[in-house]
Protein chains: 2
Amino acid sequence: MNSPKRTTIYDVAQEAGVAASTVSRALRNPRRVNAATREHVLRVAERLGYRPSPLATALQSGRTATVAMLVPDITNPHFFGTIRGAERRASAAGITFILSYTEESADNERNQIEHLARSVDGFILASSRMSDDGLLELAEEHNLALVNREVRGLPSAVVDSRVGSRQIVEHLASLGHRSLVYLSGPHQSWPAGERWRGLRGSARSLGIRATRLGPFPPRVVGGGAAADAVLVTGATAVVAHNDLLAIGVLRRLAERGVSVPEQISVVGYDDIFGADFCVPALTTLAGPQDEAGRSAVELLLENRSRSTTRTTDRRVMLPSHLVIRDSTGPAPA
Amino acid sequence: MNSPKRTTIYDVAQEAGVAASTVSRALRNPRRVNAATREHVLRVAERLGYRPSPLATALQSGRTATVAMLVPDITNPHFFGTIRGAERRASAAGITFILSYTEESADNERNQIEHLARSVDGFILASSRMSDDGLLELAEEHNLALVNREVRGLPSAVVDSRVGSRQIVEHLASLGHRSLVYLSGPHQSWPAGERWRGLRGSARSLGIRATRLGPFPPRVVGGGAAADAVLVTGATAVVAHNDLLAIGVLRRLAERGVSVPEQISVVGYDDIFGADFCVPALTTLAGPQDEAGRSAVELLLENRSRSTTRTTDRRVMLPSHLVIRDSTGPAPA
DNA sequence: CACGCCATGGCAAGCGATTGCCAAAAGTTG
DNA sequence: CAACTTTTGGCAATCGCTTGCCATGGCGTG
């Protein structure tokens, strides 16, 4: 495995006949060294196959060129877009990307942060389960960027679901539905609140009755109970907290012989993998999740350069759009 | 963000009235220090909220307590399980988990490794795109563990697809099929070769005709061309390189009005998310991908302790099993 | 020609741990 | 009680790199 000795800055220095500091500067701070010297040093470094040690650099400079992303649950395909976007952006900037799961627990989240604190330049918290106050407190000590969560004073990148929810309601209204049921996700989930507020507000202004059921676990299995609960209400349209739940609902409805969209329309959020090939194909609110991941990395990078002064709380809001497929249709007469 | 000064081992030492080395030993090497002293030091450390700096530790000791996992393509849900398994195992062992994508390129893979080499204790290469020789060469310098790839002399964790392929063929044979078509994946894909060998071997011994088409991109979109190609052959059973491809095939067949499984049976590999709710639900070879990820981390850990001597090439083989759903049925008369 | 400035490179002090070696203290043994 | 072993804690070097500060020499200017 490890070769006994990696070549260091000193090896290069000796071989090039200069001091180690000169090598360091040739590499990091080109203008501090004569062009010819620099050229020479670089050539020698190349020849010796020199690779800087990120650890030593980080230890000395305090910059790790690493970010960590914390995700509540890797089982949920919803996060894969965000992860992908963040990873891409980070690696494009030559930044190492650490991924970690918090198992849906705020405590765990805090521990992970504490654990990684010294090894990274900042954290991307996707759908954080912590309280606003908890986050603000953490932000005093650490560089944070939020995804799909807004907290006053903290930088965040969120896919809009307020306006998106309005699109859903309008879509349903235009199909003649007069009422809808929202199947809510976990209470700590910030988007869940946003979505409900969006739905309720739009429903009110369009003269539609909106009711909320739940919370349900935002997974396919959660759909069973959810579907049954919906049927009791006699609603003609149901909006699920996310696609997983929606797919679970579709399944249960099929089992119970309820036809979608003839008897009831179903809408989800996220447009995850599979939403287009479940049956019927799911109408869902799609958002640029990968953009959100990307933006979050950028927010982190902005704050990193901003010396040790106050951090920005720039908030990036990304537009969503409704993808209409086969799970929504005219309200039954 | 960063508080100006983190508390260090020296702060603790001063406060506790001992030398820094004693603090270090109290923390890492309990038996080297008097129980009472240790107790005292720990108490002070706790009070001061001391957190060790992983960077400094790593720099000095050479152990980073970090592993990196390289995956060709995050878009592919196939890897979700492996990633999850590896992440879980790593974090259970208190090891930081770095995730990186190689964009399906061997060069990129090598670069990433080179880049991260000094920051990690080892690499998990999932479905590596590199050649056997390339991997062996890399293994001289780095601590590697392979997932779903076998190379003589290197540690690996693979989900069996040889025996699994036999299960598929037997299943099809028992349904009366006399021939099958295999839609192959990318040529650099090691499992693709395994699967084909498994299918062909079993087919031969069961008196079934097996032919191979492709390669096709192992994604849903690849299924279009693949399905068309299959129809030309008039085969009654098709085995796709993976579920994504299989799902693409199902779609295309539906478009062309070919009914599954009445006219043709379809089988996939991986049992990814969605395989159970596409229509018809997909018969597929399921394997414990997360186990594979888990095992890979363990292999890495084993080799890490093994000082600098020769690495093990322990190979973990995980059993797969056939999940029979609705996409396979009796051969048409 | 003398003086001062700037570009350039070297010295050395960290960054925060770990660890080999040594010395003092404590415990053992005859 | 002397001689010896073991336990325990401290000193200082080290990991590989960055960076503030200083010394030098070349060059421009009056």
Side-chain angles (χ1 to χ4, degrees), chain A residues 2-42 44-45 48-66 116-121 307-308, chain B residues 2-42 44-45 48-66 116-121 307-308:
Chain A
N2 305 333
S3 53
K5 279 264 182 288
R6 285 299 221 139
T7 85
T8 77
I9 199 179
Y10 288 101
D11 302 329
V12 176
Q14 178 157 35
E15 180 74 12
V18 298
S21 47
T22 303
V23 176
S24 173
R25 284 196 272 256
L27 265 30
R28 306 279 178 205
N29 201 348
R31 332 168 19 139
R32 244 332 237 99
V33 74
N34 183 296
T37 320
R38 171 172 147 76
E39 193 58 32
H40 175 220
V41 168
L42 291 187
V44 172
L48 265 48
Y50 167 76
R51 304 276 163 188
S53 156
L55 271 58
T57 305
L59 179 57
Q60 155 62 31
S61 69
R63 290 198 194 147
T64 59
T66 301
L116 290 171
R118 321 267 301 233
S119 323
V120 305
D121 288 344
S307 67
T308 324
Chain B
N2 305 332
S3 52
K5 279 265 182 286
R6 284 299 222 139
T7 85
T8 77
I9 200 178
Y10 290 99
D11 302 330
V12 176
Q14 178 158 36
E15 179 73 12
V18 298
S21 47
T22 304
V23 176
S24 173
R25 286 195 271 256
L27 264 32
R28 304 280 177 204
N29 201 348
R31 330 166 24 138
R32 242 335 235 99
V33 74
N34 184 297
T37 321
R38 170 172 148 76
E39 193 58 32
H40 175 220
V41 169
L42 291 187
V44 172
L48 266 47
Y50 167 76
R51 303 276 163 188
S53 156
L55 272 57
T57 305
L59 179 58
Q60 154 62 29
S61 69
R63 291 200 193 146
T64 59
T66 302
L116 290 170
R118 320 265 302 232
S119 324
V120 305
D121 288 344
S307 66
T308 324

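In the text below, chain A, chain B and the rest are named by the order of the sequence lines, each starting its count at 1.
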Write down the atom of Glu15(B), the atom of Leu48(B), and the distance for their closest heavy-atom approach. CB-CD2, 4.0 Å
Contact state string [nucleotides 7-13 of chain D, B base, S sugar-phosphate only, - no protein heavy atom under 4.0 Å]: -BBBB--
Spacing between Gln14(A) atom CD and dG16(D) atom C1', to the nearest angstrom: 15 Å
How long is the line joining CG of Leu55(B) and P of dA17(C), in whole Å? 10 Å
Any base atoms under 4.0 Å from Ser53(A), or only sugar-phosphate, or nothing? Heavy atoms, all strands. sugar-phosphate
For residues 31-42 of chain B, which side-chain N or O atoms pair as donor and acceptor with protein atoms under 3.5 Å away, sequence neighbours left out?
{"unit_1": "Asn34(B)", "atom_1": "OD1", "unit_2": "Ala36(B)", "atom_2": "N", "d": "2.7"}
{"unit_1": "Arg38(B)", "atom_1": "NH1", "unit_2": "Ala26(B)", "atom_2": "O", "d": "2.6"}

note: Leu59(B), atom CG; dG16(D), atom P; distance rounded to Å ~ 7 Å
Over all strands shown, is Thr57(A) touching base, sugar-phosphate only, or nothing at heavy-atom distances under 4.0 angstrom? sugar-phosphate
Using whole Å, what does the distance between atom P of nucleotide dG16(D) and atom CZ of Arg118(B) come to? 7 Å
Shortest non-hydrogen pair, Asp11(B) vs Arg6(B), comes out as OD2-O, 3.8 Å
Check the distance between dC15(C)'s P and Arg6(B)'s CZ and give it to me in whole angstrom. 16 Å
Nearest-0.5 Å distance that lies between atom CD in Gln60(B) and atom CG in Leu55(A): 12.0 Å
Pro52(A) and Arg118(B) have their tightest heavy-atom pair at O-CG, 3.9 Å
Determine the sole option in Val12(A), Val44(A), Thr8(A) for which the side-chain contact (heavy atoms from CB on, under 4.5 Å) test with Val23(A) is passed. Val12(A)
Estimate the overall bend of the helix from dC1(C)-dG30(D) to dG30(C)-dC1(D) from the end axes over five pairs each, rounded to 10 degrees. 40°
Rounded interatomic separation in angstrom, taking CG from Leu27(A) and P from dT19(D): 13 Å
Decide yes or no for Pro54(B) and Thr64(B): does some side-chain heavy atom of the first lie under 4.5 Å from some side-chain heavy atom of the second? no
Please give, in whole Å, the distance from dC17(D) C1' to Asp11(A) CG? 13 Å
Looking at CZ of Arg28(A) and OG of Ser61(A), how far apart are the two atoms once the value is rounded to the nearest 0.5 Å? 8.0 Å
Between Ala56(B) and Leu59(A), which heavy-atom pair has the shortest distance, and what is it? CB-CD1, 3.9 Å
